[in-house]
Every structure is written in C-alpha cells, then in structure tokens.
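Note on naming: letters A, B, ... go to the chains in the order of the sequence lines (proteins, then strands), and numbering restarts at 1 for each one. Since the model is a prediction, treat every value here as computed from it, not as a measurement.
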2 protein chains.
Amino acid sequence: MILKCSEHQCRWRRRKEARPEEILDAALDLFTEKGFSATRMADVAKKAGVSKGTLYLYFESKEIIFKELVKTMMSPMVDEAEVAINEFQGSSAELLDKMVTGWWESFWHNKLSAIPKLIISEAGNFPEIAEFYVEVIVKRVRGLFEDIIQQGIDNKEFKACNNKEAARLLMAPVIQANIWKFSLKPYDEALDEKSYIRLHLEIFLSGIKKDDKHAK
Amino acid sequence: MILKCSEHQCRWRRRKEARPEEILDAALDLFTEKGFSATRMADVAKKAGVSKGTLYLYFESKEIIFKELVKTMMSPMVDEAEVAINEFQGSSAELLDKMVTGWWESFWHNKLSAIPKLIISEAGNFPEIAEFYVEVIVKRVRGLFEDIIQQGIDNKEFKACNNKEAARLLMAPVIQANIWKFSLKPYDEALDEKSYIRLHLEIFLSGIKKDDKHAK
DNA sequence: CTTAAGTAACTGACCGGTCAGTTATTTATA
DNA sequence: TATAAATAACTGACCGGTCAGTTACTTAAG
C-alpha cells in the first residue's frame with residue numbers, strides 16, 4: 001500500500017489547488033485587522049499555514065494579493081445584486097427598500113465588508129487598486145441604484161431630482177456605517193444598525209416620493 | 001554692531017516659537033497626501049525647513065505629532081459650531097440647514113478636512129488617537145445635531161423618531177463625501193458637492209418633518 | 001510490487017533597502 | 001563665553017522579496 005504524506009507525520013503537504021484561496025482568506029483577515037501596509041507577509045504566510053516563499057509561488061506581490069481579493073471575491077456580489085433587481089416585481093420604492101435592506105444584510109455579515117474601508121484607506125498609496133475598485137464595484141453598484149431611482153422619477157413615483165446625486169445619498173448612510181464598523185466603532189457609542197437603516201429608508205423614501213396630491 | 005544670522009547668510013536660525021506650528025503644518029500636508037504611515041519624518045522635516053533631529057526637539061514621536069494636530073487644530077472648529085448654534089434664531093429645520101450648509105462649506109475648504117479620513121484609515125493601528133478623536137470631536141459634533149433634532153421633535157416640527165440615529169443620518173452624506181474627496185474622488189465620477197448637499201437637505205428635511213395636517 | 005530517478009511544491013535563512021528615533025557635534029545668540 | 005537650538009551622521013529593527021536547498025509525491029524500469 002502506498003502511504004501518502006497525509007497519512008504519515010510530515011512537515012508539509014503538496015496542496016496546489018487549495019493554497020490560493022487559503023492565502024487570500026488569511027490575507028483578508030489580516031488586512032481587515034491591521035490594514036494593508038501594516039500586514040506582514042510573514043504573518044499572512046503563518047496564518048495560511050505555509051512559508052513566506054510559498055506566497056510568492058502563487059502571487060507575484062503583496063499588492064497583487066490585495067487586487068486579487070477584490071477581483072475574485074467582490075465582483076460576484078455585484079452580480080447577485082443585478083440578478084435580484086432584474087427579477088423584482090413591484091414599485092421603485094419597494095425595490096430600493098429591498099435592495100438596501102438586502103444588500104446591507106448580506107454585506108454586513110460578510111467578511112468582505114471590510115474591503116471598502118481598506119480601499120479607502122490605501123487609495124492614496126495604491127492608485128491602481130483604487131481605480132480598479134471604482135470601475136468594477138463602485139460605479140456598477142451606484143449605476144444600479146441610479147437606474148431604479150430614474151425609473152421611479154419617470155413613472156411619477158418620485159419627485160424630479162438628480163438621480164445620480166440621489167443614488168449617492170441613498171447609499172451614503174450604508175457605506176458610512178460600514179466604514180465606521182471597521183474604524184471608529186470600538187471607540188464610539190453603539191448603534192443598532194437595522195433600526196438605523198430602517199429609519200434611513202423611512203426618511204429618504206418619504207422625502208423623495210411625490211407629495212400626496214391632496215396635500216397642500 | 002552685532003550682525004544676527006538673519007542678516008547674513010547662515011545655515012540656520014534659532015526660531016523656537018515658530019517651529020511647532022510649521023512642523024504641524026508640514027505634517028498635515030504630508031499626512032493628507034500620503035497617509036500617516038507612509039509619511040516619512042525626513043520629508044516632514046524637509047517641508048518644515050528643519051532637520052530630522054529638530055522634529056524631536058519639539059515632538060516626542062510621529063504619533064504625538066498626529067495627536068497634536070487633532071488636539072490643537074480641530075477642536076476650535078467644534079467650538080465655533082457651538083457658538084453658531086447658541087446664537088441662532090429660527091426653526092429647527094432652518095438651524096439644521098444652516099449648520100450642515102455652513103459646517104460643510106467651512107470644513108470643505110479647510111485643510112483640516114483631511115483629518116477624518118486620516119483618522120479612519122489609521123484607527124486600527126493607533127487606537128489611542130481614534131479614541132481621542134471620537135471623544136473630543138465625533139461625540140461632541142454629533143451631540144449638537146442630536147440636540148437640535150430632539151428640539152424639533154419636542155416642538156412637533158419633526159416626526160417622532162430616534163434622534164441619535166437621525167443625527168447620524170443627517171451627517172452621513174457629508175462625512176461620506178468628505179472621505180470620498182480624500183480617497184476615491186480622483187478615480188470616480190465628478191460630483192457637484194453643493195448641489196448634492198442641497199438635495200440631501202431637501203430630502204432629509206422633507207422626510208423628517210411632520211406631515212402637513214391636510215395631507216391624506 | 002519495489003525502488004530509484006525525476007519533478008515540482010515548499011521551506012526558511014538571507015539580502016538590500018528603509019526608516020523612526022538617537023547622539024556627537026556645530027552654530028547662533030544672549 | 002555659555003548654552004540653547006539645530007544639524008547630520010549614525011543605529012538598529014524591520015520587512016518585502018529571493019533563492020539554494022529540502023521534501024512530498026510521481027513515474028517508469030526492473
């Protein structure tokens with residue numbers, strides 16, 4: 001019988017397939033905890049259960065690891081949002097509500113929610129990553145909201161207004177809370193995020209909807 | 001006649017009084033441009049027109065310089081806001097409008113507006129600074145808005161709602177735009193900030209005001 | 001089946017460069 | 001001259017990335 005290393009005691013195993021994801025996972029955890037610059041490749045290696053040299057067998061550089069995180073792990077989330085919108089039946093207000101509540105919920109509980117704060121923190125020193133993130137994530141997500149709002153304006157559900165500005169305004173409290181979660185939250189007063197978002201939607205939707213025609 | 005250095009050519013002059021502010025100014029510029037960690041003390045020294053050693057005659061460490069920036073330059077802005085509120089005559093909605101527009105305007109054009117993004121970026125690695133900032137700036141500013149909103153609720157101008165959440169919601173788009181300005185702006189679509197804030201106030205105030213009693 | 005030759009995944013000591021902070025020395029000024 | 005202010009050379013720790021060598025696994029000949 002052939003005895004593989006896995007059935008013996010051995011210093012390491014060959015696991016070519018599993019390494020990249022394990023390395024990305026370890027990197028995300030450490031980037032989240034310490035930020036990109038302050039994360040040491042030695043620590044990533046240790047957390048991923050490999051040696052430092054192995055990291056460079058799979059990724060050219062620290063920066064490439066960061067970029068790969070955005071590319072391979074975040075983009076799929078936007079795809080999901082797109083699908084959800086296309087399948088939706090109902091008013092624009094209901095769709096916005098569903099999107100914000102849904103996106104919020106799924107994003108808030110996902111490890112990846114640390115990425116926006118990371119990108120913002122490091123944008124100055126890694127312009128390429130920031131540019132990539134804006135093109136691939138920011139503009140796309142915002143575009144979804146812009147379209148829904150424009151639709152609401154067209155069908156007289158919402159007041160006439162600049163839909164691009166409105167989309168940013170709709171997202172701002174969500175993004176703001178997300179960034180806060182990964183920066184000042186430990187030092188600040190607690191916040192009930194669900195209740196916060198519910199109030200946001202109440203105020204925002206009430207503010208953007210056409211006045212009832214019987215109102216003064 | 002005694003000829004002072006200033007009247008000769010000389011390698012340097014004694015300027016004990018002027019140094020601290022010049023150093024803080026130089027540091028703020030570089031922190032804004034590169035972030036805290038990526039800023040080199042040698043560059044701060046060069047920009048301030050002194051040698052690296054001189055920095056340490058006036059400040060114990062790089063971190064202390066950062067902390068001092070917040071302490072001596074940002075706090076006075078909160079004082080101003082407090083005064084403006086106390087002097088104001090008018091409705092709560094008008095006061096909120098004035099505060100957001102005014103705070104926005106003055107902050108947006110001030111060098112110090114780079115500090116929030118800096119703090120958020122470095123909060124993980126410099127908890128002491130983050131804690132200090134939250135206590136001295138964040139809670140105080142938010143408190144001002146909380147009070148105005150509560151007043152509006154009490155005098156039936158606003159709907160009953162959680163004033164702490166509402167205060168955060170009012171500030172979120174402003175802070176969000178401020179952070180964006182110092183991170184993703186160079187890579188993102190342009191934004192007319194004045195118009196953006198005007199729309200925010202329209203939607204928010206319209207959303208939080210008590211419904212007209214003749215409305216359905 | 002056994003095993004020796006071959007391959008590629010993996011390791012970890014090391015290197016070159018960087019940078020916050022220190023100190024021996026020089027210079028401006030009272 | 002005395003000394004406070006400022007300099008510039010220096011130190012030592014740190015870290016991203018490299019590479020010569022090691023080991024797990026594969027394969028093919030016997």
With salt bridge (charged side-chain N to carboxylate O under 4.0 Å, His left out) as the rule and sequence neighbours excluded, what pairs involving residues 98-127 of chain B come up? Asp29(B)-Lys111(B), Glu105(B)-Lys194(B)

Does Pro173(B) offer a backbone N or O that forms a donor-acceptor pair with the side chain of Tyr196(B) under 3.5 Å? yes

Could I get a table of every N or O pair under 3.5 Å where one atom is in the protein and the other is in nucleotides 14-17 of chain C?
none

Residues in residues 34-42 of chain B with a heavy atom under 4.0 Å of DNA chain D, by number, are none

Contact list (N/O, under 3.5 angstrom) for nucleotides 5-9 of chain C vs protein:
| from | atom 1 | to | atom 2 | distance (Å) |
| --- | --- | --- | --- | --- |
| dA8(C) | O4' | Arg14(A) | NH2 | 3.1 |
| dA8(C) | N3 | Arg14(A) | NH2 | 3.0 |
| dA9(C) | OP1 | Lys16(A) | NZ | 3.3 |
| dA9(C) | O4' | Arg14(A) | NE | 3.3 |

Which pairs count as ring-ring contact (aromatic ring centres under 6.0 Å, His included) when at least one residue sits in residues 28-47 of chain A, sequence neighbours excluded? Phe31(A)-Phe36(A), Phe31(A)-Phe66(A), Phe36(A)-Phe66(A), Phe36(A)-Phe126(A)

So, is Ser51(A) close to the dT11(C) phosphate, meaning a side-chain N or O under 4.0 Å from OP1 or OP2? yes

Show me, pair by pair, the donor-acceptor contacts under 3.5 angstrom made by side chains of residues 198-205 of chain B, not counting sequence neighbours?
| from | atom 1 | to | atom 2 | distance (Å) |
| --- | --- | --- | --- | --- |
| His200(B) | NE2 | Leu170(B) | O | 2.9 |

Are more than 12 heavy atoms, taken from residues, nucleotides or ligands other than Lys139(A), located less than 6.0 Å from that residue's NZ atom? yes

Distance-only donor-acceptor pairs under 3.5 Å for side chains of residues 19-27 of chain A, two or more places apart:
| from | atom 1 | to | atom 2 | distance (Å) |
| --- | --- | --- | --- | --- |
| Arg19(A) | NH2 | Arg13(A) | O | 2.8 |
| Glu22(A) | OE1 | Arg15(A) | NH1 | 3.3 |
| Glu22(A) | OE2 | Arg15(A) | NH1 | 3.4 |
| Glu22(A) | OE2 | Arg15(A) | NH2 | 2.6 |

Check whether Thr39(A) reaches the backbone of Leu30(A) with its side chain - one donor and one acceptor, N or O, closer than 3.5 Å. yes

Measure the distance from CG on Leu55(B) to C1' on dC19(C) and round it to the nearest whole Å. 13 Å

Using atom types as modelled and distance alone, determine if a side-chain donor or acceptor of Ser183(B) lies under 3.5 Å from a backbone N or O of Ile179(B). yes

Does any pair with a residue in residues 56-69 of chain B pass side-chain hydrogen bond (donor to acceptor under 3.5 Å, both in side chains), and if so which ones, sequence neighbours excluded? Lys67(B)-Glu128(B)

Between Ser75(A) (side chain) and Thr72(A) (backbone), is there a donor-acceptor pair under 3.5 Å? no

Heavy-atom nearest nucleotide on DNA chain D taken for Gly53(B) and for Tyr56(A); more 5' hit belongs to Gly53(B)

Salt bridge (Lys or Arg N to Asp or Glu O under 4.0 Å) involving Glu94(A) - partner list, sequence neighbours excluded: none

Which residue pairs pass the side-chain hydrogen bond (donor to acceptor under 3.5 Å, both in side chains) test with at least one member in residues 165-181 of chain B, sequence neighbours excluded? Ser195(A)-Glu165(B), Trp180(B)-Asp188(B)

For the helix from dC1(C)-dG30(D) to dA30(C)-dT1(D), how many degrees between its two end axes (five pairs per end), to the nearest 10°? 10°

Can you measure from OG (Ser106(B)) to CE (Met77(B)) and round to the nearest 0.5 angstrom? 4.0 Å

Could you tell me whether the side chain of Asn163(B) and the main chain of Ile149(B) form a donor-acceptor pair under 3.5 Å? no

Salt-bridge present (Glu135(A), Arg140(A); N to O < 4.0 Å): no

With the threshold set at under 4.0 Å for non-hydrogen atoms, list the residues of residues 61-68 of chain B touching DNA chain C in residue-number order. Ser61(B), Lys62(B)

